[in-house]
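Written out below as structure tokens is the structure these notes cover.
When a ligand or atom number is given, it counts from 1 through the structure's own listing order. We're numbering straight along the sequence, starting at 1.
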Amino acid sequence: MLNAAVRNQTELKVIVDHELCCYCGACVAVCPPDAIFLTDSFLAIDQETCTACERCTKMCPVHALTMAEAAQ
Ligand code: SF4
Ligand code: SF4
């Protein structure tokens, strides 16, 4: 039986809306496994490392991050 973290990792991923992101870094600070990579003009999620905890989506002040079903 898969634990919650592994199940989430296989079914959900974080989508970044690059039009909305202002590169403030708030999401990076709350990501437990350090799955978010940020520069002053680029943000990417390491989907292999992400555990789909949703902390970043709740923290983002401009709602640039959303959870979505990962393609199987
Ligand atoms: S919290 Fe939102 S606006 Fe800030 S860097 Fe993360 S995705 Fe971008
Ligand atoms: S969902 Fe959780 S683990 Fe995944 S990028 Fe956001 S804060 Fe990090």
Of all the heavy-atom pairs spanning [X] and [Y], show the shortest one and how long it is.
| X | Y | answer |
| --- | --- | --- |
| Val14 | Cys50 | CG2-SG, 3.9 Å |
| Leu38 | Gly25 | CD2-CA, 3.4 Å |
| Val62 | Leu20 | CG2-O, 3.4 Å |
| Leu43 | Cys21 | CD1-SG, 4.2 Å |
| Tyr23 | Phe42 | CE2-N, 3.4 Å |

Q) Strictly under 2.8 Å, is any N, O or S atom of Cys56 next to atom 6 (Fe) of ligand 2? A) yes
Ligand 1 atoms nearer than 4.0 angstrom to some heavy atom of Pro61 are 1 (S)
Residue-level breakdown please: for Thr51 versus ligand 2, do any non-hydrogen atoms fall below 4.0 Å on the side chain, on the backbone, on both, or on neither?
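For Thr51, backbone and side-chain atoms both sit under 4.0 Å from ligand 2.
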By number and element, which atoms of ligand 2 are closer than 4.0 Å to a non-hydrogen atom of [X]?
| X | result |
| --- | --- |
| Cys50 | 1 (S), 3 (S), 4 (Fe), 5 (S) |
| Ile36 | 5 (S) |
| Val14 | 1 (S) |
| Pro33 | 3 (S) |
| Glu54 | 1 (S), 2 (Fe) |

Going from [atom1] on [X] to [atom2] on [Y], what distance comes out if it is rounded to the nearest 0.5 angstrom?
| X | Y | atom1 | atom2 | answer |
| --- | --- | --- | --- | --- |
| Glu54 | Met67 | CD | CE | 5.0 Å |
| Thr66 | Ile15 | OG1 | CD1 | 6.0 Å |
| Cys27 | Lys58 | SG | NZ | 15.0 Å |
| His63 | Asp17 | NE2 | CG | 12.0 Å |

**Request:** Measure from the side-chain N and O atoms of Glu11 to the backbone N and O of Glu69, and report whether any donor-acceptor pair falls under 3.5 Å.
**Result:**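 Pair absent, no side-chain N/O of Glu11 close to backbone of Glu69.
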protein heavy-atom neighbour closest to atom 8 (Fe) of ligand 2 works out as Cys31 SG, 2.3 Å
closest protein heavy atom to atom 2 (Fe) of ligand 2 is Cys53 SG, 2.3 Å
Sorted by chain and number, protein N/O/S atoms nearer to atom 8 (Fe) of ligand 1 than 2.8 Å are Cys21 SG
| said: Is there a side-chain contact between Ile45 and Lys13 in this structure, where contact means two heavy atoms from C-beta onward sitting under 4.5 Å apart? | reply: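 Of all side-chain heavy-atom pairs linking Lys13 with Ile45, none is under 4.5 Å.
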